Each structure stands twice: as C-alpha cells, then as structure tokens.
Amino acid sequence: MARVVVDVMLKPEILDPQGQAVQRALPRLGFSGISDVRQGKRFELDVEGPVDDAALARIREMAETFLANTVIEDFTVRVEDAAGDSAGGPAGDPSTAGAAA
C-alpha cells in the first residue's frame, strides 16, 4: 500500500489571518527569527494497488474538485515511501494545480 500526500496552501496573494496570528505569537513564546507563517492542510491517502500515472491523475482530480478550493488555494501531490520520504521518479514529483484558468 502506498501513501500519497496532498498539501493544500492558500495562494500567496490570499491573506492568511491564522498564519499571521501564529507569526505574532511566536516572539512572545520565545521563538525569534521567523519572518512569515502560512497555514495549510495536509491529506494523507493510503492507496490500494500501484500508484501509477492513472492513479495520480485521479488523485489530482480529487484534490482539485474536493480537497482544495482552487480559487484561493494551490495544492501539490506527492508519493511517499514507507519511511515518509518523498519517492523519486515521475510519480513522486510535486504537481501543482489550481492556477487561474
């Protein structure tokens, strides 16, 4: 069983009030040197069977239509191995979507 990770983040031009709140709190908690914080979502999908191009295309479709609001969010899709590292090769390359059409 393979794991596919979909990371969803607000587009850079969209304000991130939650990230800003975290950024403002960090110095008060003793964490300095952080110039910006963006908050996002991570989805881990355990996929039955091989994660081939067709499976990745289906997951990208799922991310675009259900997991991300592509008007204000971008997403990446990547395959992780059992240790949680990104897999190499074409199936493991990040793929972004959600750009304005």
Side-chain angles (χ1 to χ4, degrees):
M1 190 171 296
R3 174 164 292 165
V4 177
V5 175
V6 179
D7 289 309
V8 180
M9 294 292 295
L10 287 170
K11 291 183 178 185
E13 62 271 17
I14 303 296
L15 292 178
D16 183 358
Q18 193 168 3
Q20 291 172 345
V22 170
Q23 180 184 357
R24 287 191 302 272
L26 289 174
R28 292 192 303 269
L29 297 171
F31 299 100
S32 61
I34 306 299
S35 62
D36 192 25
V37 176
R38 302 286 290 176
Q39 183 266 329
K41 300 178 279 191
R42 174 183 166 111
F43 298 92
E44 295 181 357
L45 309 170
D46 289 333
V47 179
E48 297 175 358
V51 180
D52 54 12
D53 288 341
L56 284 174
R58 190 79 175 129
I59 291 168
R60 286 186 190 99
E61 180 184 3
M62 177 195 323
E64 189 169 7
T65 60
F66 182 65
L67 301 178
N69 176 350
T70 57
V71 173
I72 62 169
E73 295 173 321
D74 289 325
F75 66 86
T76 60
V77 173
R78 70 179 186 281
V79 178
E80 286 190 349
D81 64 18
D85 297 329
S86 292
D93 292 341
S95 172
T96 59

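Computed from a predicted structure; not experimentally measured.
For Arg38, the CZ atom is densely surrounded, since the number of other residues' heavy atoms within 6.0 Å is greater than 12. Other residues, nucleotides and ligands contribute only 12 or fewer heavy atoms inside 6.0 Å of the CD atom of Gln18. The neighbour count for Glu44 CD, taken as heavy atoms of other residues, nucleotides or ligands under 6.0 Å away, is above 12.
Salt bridge status for Glu80 with Arg3: absent, with no side-chain N to carboxylate O gap under 4.0 Å.
Here the options are Val5, Ile59, Val8, the test is side-chain contact (heavy atoms from CB on, under 4.5 Å), and the partner is Phe43; only Val8 passes.
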Output, in order, the C-alpha distance, side-chain angles, deciding distance and verdict of side-chain contact (heavy atoms from CB on, under 4.5 Å) for Asp7 and Arg78. CA-CA 9 Å; Asp7 289 309; Arg78 70 179 186 281; 2.3 Å; yes

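Across all non-hydrogen atoms, the minimal contact from Val4 to Val77 is CG1-CG1, 3.6 Å. Of all non-hydrogen atoms in Pro50 and Ala55, the two that sit nearest each other are O-CB, 3.9 Å. Among all heavy-atom pairs drawn from Pro12 and Asp74, the shortest one is CD-OD2, 4.2 Å.
Side chains of Lys11 and Ile72 form no contact here, defined as non-hydrogen atoms less than 4.5 Å apart. At least one side-chain heavy atom of Leu45 sits under 4.5 Å from a side-chain heavy atom of Met62.
A distance of 9.0 Å separates CG of Leu10 from CG of Asn69, quoted to the nearest 0.5 Å. To the nearest 0.5 angstrom, Glu61 atom CD is 8.0 Å from Glu64 atom CD. Arg60 contributes atom CZ, which lies 8.0 Å from atom CZ of Phe75 (distance to the nearest 0.5 angstrom). To the nearest 0.5 angstrom, Gln20 atom CD is 6.0 Å from Leu15 atom CG.
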Distance-only criterion, 3.5 Å: show the donor-acceptor pairs between side-chain atoms of residues 23-34 and protein atoms not counting sequence neighbours.
residue: Gln23; atom: NE2; partner: Ser35; partner atom: O; Å: 2.7
residue: Arg28; atom: NH1; partner: Arg24; partner atom: O; Å: 3.2

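Other cluster members for Met9: none, since no ILVMFWY side-chain heavy atom sits under 4.5 Å from it.
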